[in-house]
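The structure under discussion appears below in the form of structure tokens.
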Amino acid sequence: MSANTHELFIAVRCEELPARFVKHAADHLAKRVLGLLSGIEYGSVQTWSTPRRIAVAVTELATGKP
């Protein structure tokens, strides 16, 4: 990670999600976050999900558009 990058971590707490929706919710959160970061360079994206929390982490996120 260079000096001009950061890590973005977003976690959403929710009521008990039905098990069949948990992975879909995490994937959708990642897709929406990456849509907001359009034009900004980033490294890897990782998601986590449980029935009560969904989270996404974006590594090596540039501080702005080039």
Hydrophobic cluster membership, Ile54 vs Phe9, 4.5 Å side-chain cutoff: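 Hydrophobic grouping puts Ile54 apart from Phe9.
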Linked, directly or transitively: Ile10 and Trp48 (ILVMFWY side chains, under 4.5 Å):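 Cluster IDs for Ile10 and Trp48 differ.
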List, one per line, each side-chain donor-acceptor pair under 3.5 Å for residues 31-43, sequence neighbours excluded.
none

Trace of the side-chain contact (heavy atoms from CB on, under 4.5 Å) decision for Val45 with Val56: CA-CA 7 Å; Val45 178; Val56 63; 3.8 Å; yes
Report the distance from atom [atom1] of [X] to atom [atom2] of [Y], rounding to the nearest 0.5 Å.
{"X": "Glu16", "Y": "Arg52", "atom1": "CD", "atom2": "CZ", "result": "4.5 Å"}
{"X": "Leu61", "Y": "His6", "atom1": "CG", "atom2": "NE2", "result": "8.0 Å"}
{"X": "Ser49", "Y": "His28", "atom1": "OG", "atom2": "NE2", "result": "14.5 Å"}

Side-chain donor/acceptor of Thr63 to backbone N/O of Thr5, under 3.5 Å: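 Looks like no, no N/O pair under 3.5 Å.
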Heavy-atom closest pair, residues Cys14 and Pro51: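 The answer is SG-O, 4.0 Å.
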Side-chain polar contacts of residues 17-24 - donor-acceptor pairs under 3.5 angstrom, sequence neighbours left out - could you list them?
unit_1 : atom_1 : unit_2 : atom_2 : d
Lys23  : NZ     : Asp27  : OD1    : 3.3
Lys23  : NZ     : Asp27  : OD2    : 3.0

